[in-house]
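Notes for the one structure printed next.
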Amino acid sequence: MNYDFREIEAKWQKYWAENETFKASNDSDKPKFYALSMFPYPSGAGLHVGHPLGYIATDIYSRYKRHKGFNVLHPMGYDSFGLPAEQYAIQTGQHPAITTENNINRYREQLDQLGFSFDWSREVRTSNPQYYKWTQWIFIQLFNAWYNKKSDKAENISSLISIFEKEGNANIEAACDDDTPSFDAATWNAYSEKEKQEILLKYRLTYLADTEVNWCPALGTVLANDEIVNGVSERGGHPVVRKKMTQWSMRITAYAQRLLDGLNKIDWPQPLKDSQTNWIGRSVGASVTFDVISNESEKSQDTIEVFTTRPDTIFGVSFMTLAPEHELVAKITTPEQKTEVDAYVEATAKRSERDRMADVKTISGVFTGAYAEHPFTKEPIPIWIGDYVLASYGTGAVMAVPCGDQRDYDFAKHYNIDIPNIFEGVDISEEAFADKETTVITNSDFLNGLSYKDAMKKIIAELEKMGHGEGKVNYRLRDAVFSRQRYWGEPFPVYYVDGMPQMIDLEHLPLQLPEVEKYLPTETGEPPLGNATEWAWDVKQCTVVNNQLIDHKTVFPLELNTMPGWAGSSQYFNRYMDPRNDDAIFSPEAINYWQDVDLYIGGSEHATGHLLYSRFWQKFMFDMGYVPKDEFAQKLINQGMITGTSAFVYRELDSNKVYSKGLIEGRNVVPIHADVSLVNASDELDVEAFKQWQPEYKDAEFILEDGKYIVGREVEKMSKSKYNVVNPDAICEEYGADSLRLYEMFLGPLEQSKPWNTAGITGVHSFLKKLWKLYLTIEDKEPTADNLKTLHKTIKKVEEDIENFSFNTSVSTFMICVNELTSQKCTSKAVLEPLAILVSPYAPHIAEELWSRLGNTASIAEAPFPKFEEKYLVESSKEYPISFNGKMRFKLELPLDMSKEDIEAAVLSHEKTKEQLQGRDPKKVIVVPGKIVNIVG
RNA sequence: GCCUUGGUGGCGGAAUUGGUAGACGCGCUGGAUUCAAAAUCCAGUUCCUUCGGGAGUGAGGGUUCGAUUCCCUCCCAAGGUACCA
């Protein structure tokens with residue numbers, strides 16, 4: 001009987017599907033376990049071998065937890081809104097829904113053949129109206145909420161309105177727009193409905209505002225900061241410019257501190273936590289107000305507010321710098337400086353963000369001619385503008401302390417500005433001194449002699465007393481722009497009355513995407529939904545009607561933007577708990593049962609996107625009482641990337657010769673990617689196949705070495721253009737899903753990135769064949785002591801490995817176990833039965849088959865995990881390594897119960913010891929019973 | 001620059017609290033079986049060696065009876081981030 005993996009795998013995949021083996025119940029006496037893999041975007045290219053890595057890991061853990069007696073939820077779905085389907089639609093006219101459906105079917109086929117224990121009855125698709133109904137619902141909840149800093153949580157907007165009605169907004173501490181006016185109750189009550197709505201918009205957690213956005217002309221859409229890499233769009237690498245637009249934004253900044261604090265209580269990888277911490281970018285300091293000295297006779301009211309992390313260095317200020325975009329620039333510039341300043345401002349505006357970032361070394365700036373008054377010394381301080389100050393951070397203005405900040409120092413040197421030294425005993429003739437811990441302040445009036453810490457406290461107290469500033473915490477995190485000018489995304493449940501946004505009631509949701517002729521922006525520059533003819537809201541009938549019926553009385557225009565990619569993924573993990581519920585995003589029973597994700601596995605590329613936004617929405621849902629936990633995933637693991645091993649041929653420049661790798665030395669050759677499927681395990685290229693694949697080489701002369709063409713190899717990211725993509729289908733066909741699963745795990749530690757090399761799969765495949773052979777004869781006889789020892793050390797190791805996510809080492813443990821049992825000629829059912837369970841999380845198909853051959857009728861999935869028993873591992877003797885000066889020289893078998901003294905005597909009297917010592921007396925003998933003996937001499 | 005994670009044979013990678021470095025697998029070498037091949041099985045495989053042994057985990061130093069593991073300095077790679085005041 002041979003190991004017929006094709007038949008076995010098909011048989012059990014069918015069995016699991018028919019018996020709904022992995023269907024999770026929302027009600028169980030067992031403890032719950034929620035294991036989740038990040039759901040994929042179903043791209044047209046299908047899966048390559050890198051994609052399943054994380055899914056396999058989650059699957060192993062899920063299956064293990066099931067063996068351990070847990071009620072396991074292990075769902076899968078699709079993040080199915082996105083740009084590629086839309087761009088395909090633009091090119092071909094095919095509806096993105098069709099493309100998406102096709103891609104999903106292809107994904108499902110590929111996933112199914114890998115034998116995952118997904119509960120497919122809970123599948124979600126973000127582009128499905130029954131799903132996005134609840135994405136729209138969350139949006140409305142955010143619209144109807146404000147952030148109360150006093151209670152430090154989000155509250156319903158009605159509580160804000162009732163405060164406004166009673167006392168205005170003087171006592172409110174809220175996360176709101178900077179330009180929110182102050183008003184008392186009488187003023188509020190006198191506002192028109194529209195004015196009230198305008199004010200409320202400044203408080204809502206999702207709000208409409210004119211924001212400077214990252215506009216990508218090539219894609220015709222706005223991008224979030226995390227969708228831009230090195231100044232160009234992440235998708236496609238198109239240039240991005242700054243542009244002012246009216247956009248929906250999410251007030252994530254309200255949660256900055258809680259997003260930071262929450263990191264302490266979740267078990268997520270340190271690098272991921274660090275990048276979220278950096279992204280949030282908390283800095284502690286003070287805001288300080290400087291009065292602008294009027295150069296006219298009348299008193300100037302202008303003030304410049306700066307944020308500084310070093311208010312203690314305020315006596316070192318010798319100039320101020322404003323961002324060229326700062327609103328005061330035009331106002332304070334003196335007539336003499338106007339030409340120069342205008343020219344500089346214009347030149348800066350022309351430079352793209354990218355140029356400005358790339359060019360950090362050039363120092364540039366212009367003096368405005370204006371001065372500010374130092375709040376303590378009352379000295380005039382020249383005000384400059386310079387593009388090293390960014391309008392988007394802090395207040396867009398800095399107090400420059402050249403002795404303590406290198407950029408200020410360089411600027412001062414360049415423009416010959418005074419550099420006063422306020423640090424005791426520090427030389428600043430060459431560079432600024434930024435180390436705040438190792439010196440004391442001097443030349444600073446009442447701060448003299450104080451350390452950084454004490455000076456900070458004192459200066460902030462003083463500033464607050466004078467009304468010239470206060471202690472402040474600043475965050476780099478910006479509110480998240482939530483509008484996209486795309487077709488293939490969630491429509492906003494919003495229509496406009498008199499220019500003010502109105503929400504559509506839940507009972508009328510989902511608001512479904514309209515059909516459009518074209519998926520491009522309209523000729524007037526409106527988003528693709530502007531092409532829809534049926535896209536107006538009738539408030540009487542509560543339905544979508546034709547645009548021509550818009551009368552602004554009962555029929556109103558609908559929002560034309562759609563939501564960004566992260567909208568659908570920010571609560572999907574909770575929706576899995578109750579995915580078919582049409583009355584609520586999930587029932588209270590479901591969320592109270594499942595609580596949160598126990599294990600979340602996915603790529604690290606989502607660190608500052610999906611994983612930050614999801615935490616934000618979860619905290620909001622928590623504040624509103626919808627979810628019991630304010631962090632959605634207790635443990636998170638980033639699986640490493642599987643890289644490809646590209647192959648190269650070497651074509652000589654100016655000739656038609658292609659040289660084998662060993663012959664390129666000294667020749668002027670260019671490496672050219674060869675498809676990896678044309679190369680065998682020994683790096684030999686199938687030259688004929690290559691010529692067929694690239695006909696332009698059909699007349700080329702291939703110069704061989706030893707009769708073979710050897711390719712060069714290099715590890716690169718897997719990508720179509722590098723011809724190094726390895727597809728799991730072919731591997732499943734040749735070796736089976738169990739081999740692929742084992743091999744992906746065997747490759748190396750889960751979190752590490754590692755190169756793929758298909759050749760190695762024969763190792764795990766022949767392991768499975770050996771495992772199969774072990775079960776050809778099964779007898780009901782007593783296992784030997786050796787059998788039990790092998791089994792129990794395997795149980796122990798595999799259990800530890802799974803708990804530590806060290807899946808690679810358990811694959812070797814299985815190999816050792818099977819090798820040992822084979823040489824022991826083990827046929828005992830009492831050993832082979834538990835072994836099948838151990839293997840089952842990793843190689844579930846073969847395990848099920850062996851399990852049924854052992855006479856079991858139920859699936860192995862629910863079989864209890866074997867119990868490790870120490871007694872089978874107890875040894876009576878130990879082969880001691882005998883080392884001399886720390887180097888192991890020989891081994892000596894001694895009883896484990898031998899005393900230290902006896903061990904020492906036995907070792908010292910051994911002839912090899914004498915040989916090693918060559919007559920010297922040992923200076924010292926270290927005996928660690930059960931471990932080692934070390935002789936110093 | 002800063003933060004994070006790494007650096008071990010030809011390759012992927014093992015090594016519990018410091019205690020036999022190189023498990024397991026690939027590849028390679030030799031052999032068995034075969035008409036032959038595939039498959040399978042057996043033996044060997046860190047490097048150097050005068051075959052006694054010696055060296056060795058990115059480099060250098062330190063702590064220790066003993067360091068891949070702990071400490072210091074440096075180098076290299078990957079990822080994140082950046083005129084962030």
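Nothing here was measured: the structure is a model prediction, and the numbers come from that model. Order of the sequence lines sets the chain letters (A, B, ...), proteins ahead of strands, with each chain counted from 1.
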Does the plane of the ring in [X] sit parallel, tilted or perpendicular to the ring in [Y]? Use 30° and 60° as the thresholds.
| X | Y | answer |
| --- | --- | --- |
| A/Phe411 | A/Tyr415 | tilted |
| A/His606 | A/His610 | perpendicular |
| A/Tyr3 | A/His765 | tilted |

Would you please confirm or rule out a distance under 4.0 Å between OP1 or OP2 of [N] and any side-chain N or O of [X]?
| X | N | answer |
| --- | --- | --- |
| A/Ser275 | B/G79 | no |
| A/Arg476 | B/A82 | yes |
| A/Arg889 | B/G54 | yes |
| A/Lys924 | B/C65 | yes |
| A/Asn808 | B/A14 | yes |

Scan [X] against the nucleic acid and name what it touches under 4.0 Å (heavy atoms): base, sugar-phosphate only, or nothing.
| X | value |
| --- | --- |
| A/Thr277 | nothing |
| A/Pro749 | sugar-phosphate |
| A/Lys273 | nothing |
| A/Asp408 | nothing |

Steps toward side-chain hydrogen bond (donor to acceptor under 3.5 Å, both in side chains) verdict (A/Gln824, A/Thr790): CA-CA 10 Å; A/Gln824 291 163 17; A/Thr790 298; 2.9 Å; yes

Between [M] and [N], how far apart are the [atom1] atoms? Round to whole Å, please.
| N | M | atom1 | value |
| --- | --- | --- | --- |
| B/U29 | B/C47 | P | 15 Å |
| B/G19 | B/C74 | P | 28 Å |
| B/G9 | B/U68 | C1' | 14 Å |
| B/C26 | B/U73 | P | 43 Å |
| B/C48 | B/A43 | P | 24 Å |
| B/C42 | B/C24 | P | 13 Å |
| B/G58 | B/U69 | P | 8 Å |
| B/G56 | B/C2 | P | 32 Å |

Which base, if any, makes a Watson-Crick or G-U wobble pair with [N], both distances under 3.5 Å?
| N | value |
| --- | --- |
| B/C24 | B/G12 |
| B/A43 | B/U29 |
| B/U57 | none |
| B/U63 | none |
| B/G52 | none |
| B/U4 | B/A78 |
| B/C83 | none |

Tell me whether A/Glu870 is salt-bridged to A/Lys796, with the criterion being a basic N under 4.0 Å from an acidic carboxylate O.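 So A/Glu870 does not pair with A/Lys796 through a salt bridge.
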
Whether A/Lys793 and A/Glu820 form a salt bridge (side-chain N of Lys/Arg under 4.0 Å from carboxylate O of Asp/Glu) is what I want to check. yes

Will you find, in the side chains of [X] and [Y], an N or O donor that is under 3.5 Å from an N or O acceptor?
| X | Y | result |
| --- | --- | --- |
| A/Asn934 | A/Ser883 | yes |
| A/Ser283 | A/Tyr393 | yes |
| A/Asp738 | A/Tyr842 | no |
| A/Asn757 | A/Thr645 | no |

Of the listed nucleotides ([options]), which one gets closest to any side-chain atom of [X]?
| X | options | answer |
| --- | --- | --- |
| A/Val936 | B/C65, B/A21, B/A85 | B/C65 |
| A/Lys887 | B/C83, B/G56, B/C26 | B/G56 |
| A/Val389 | B/U20, B/A85, B/G25 | B/A85 |
| A/Asn819 | B/C24, B/U81, B/C83 | B/C24 |
| A/Lys754 | B/C83, B/G12, B/C26 | B/G12 |
| A/Ala759 | B/C26, B/C83, B/G19 | B/C26 |

Gap between atoms CE and P, on A/Met888 and B/G56 respectively (whole Å): 16 Å

Over how many whole Å does the gap from A/Asn278 atom CG to B/U81 atom P extend? 9 Å

Closest to the 5' end of RNA chain B, once A/Val933 and A/Asn474 are matched to their nearest nucleotides, is A/Val933

Taking the nucleotide of RNA chain B with the closest heavy atom to each, which residue, A/Asn885 or A/Gly748, is nearer the 5' end?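 Per heavy-atom nearest nucleotide, the more 5' residue is A/Gly748.
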
With the 90 degree cut-off around zero defining syn, does B/G61 come out syn or anti? anti

Is the base of B/G52 syn or anti, where syn means the angle lies within 90° of 0?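 You should classify B/G52 as syn.
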
Hey, what are the protein-to-nucleotides 4-11 of chain B N/O distances that come in under 3.5 Å?
none

With A/Leu892, the side chain to side chain contact (heavy atoms under 4.5 Å, CB included) member among A/Ile903, A/Thr913, A/Val907: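 Passing option: A/Val907.
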
Could you report the tightest heavy-atom contact between A/Glu744 and A/Pro52, atom names first, then the distance?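 Smallest heavy-atom distance, with atoms named: OE1-C, 4.1 Å.
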
Walk me through it: do A/Phe890 and A/His910 pass the test ring pair (Phe, Tyr, Trp, His ring centres under 6.0 Å)? CA-CA 11 Å; A/Phe890 67 94; A/His910 197 273; 5.0 Å; yes

Scan residues 766-775 of chain A against RNA chain B and write down, sorted by residue number, each residue with any heavy atom closer than 4.0 Å; if none is found, say none.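 The stretch gives A/Ser766, A/Lys769, A/Lys770 as the residues lying under 4.0 Å from the strand, ordered by number.
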
For a side-chain hydrogen bond (donor to acceptor under 3.5 Å, both in side chains) check, start with the C-alpha distance between A/Tyr475 and A/Thr253, then their side-chain angles and the critical distance, and finish with the verdict. CA-CA 8 Å; A/Tyr475 297 93; A/Thr253 50; over 6 Å; no

Quick one: which protein N/O atoms are closer than 3.5 Å to N/O atoms of nucleotides 15-18 of chain B? Pair and distance per line, please.
| from | atom 1 | to | atom 2 | distance (Å) |
| --- | --- | --- | --- | --- |
| B/U17 | O4 | A/Lys931 | NZ | 2.5 |

Is it the case that the ring center of A/Trp756 lies less than 6.0 angstrom away from the ring center of A/Tyr743? yes

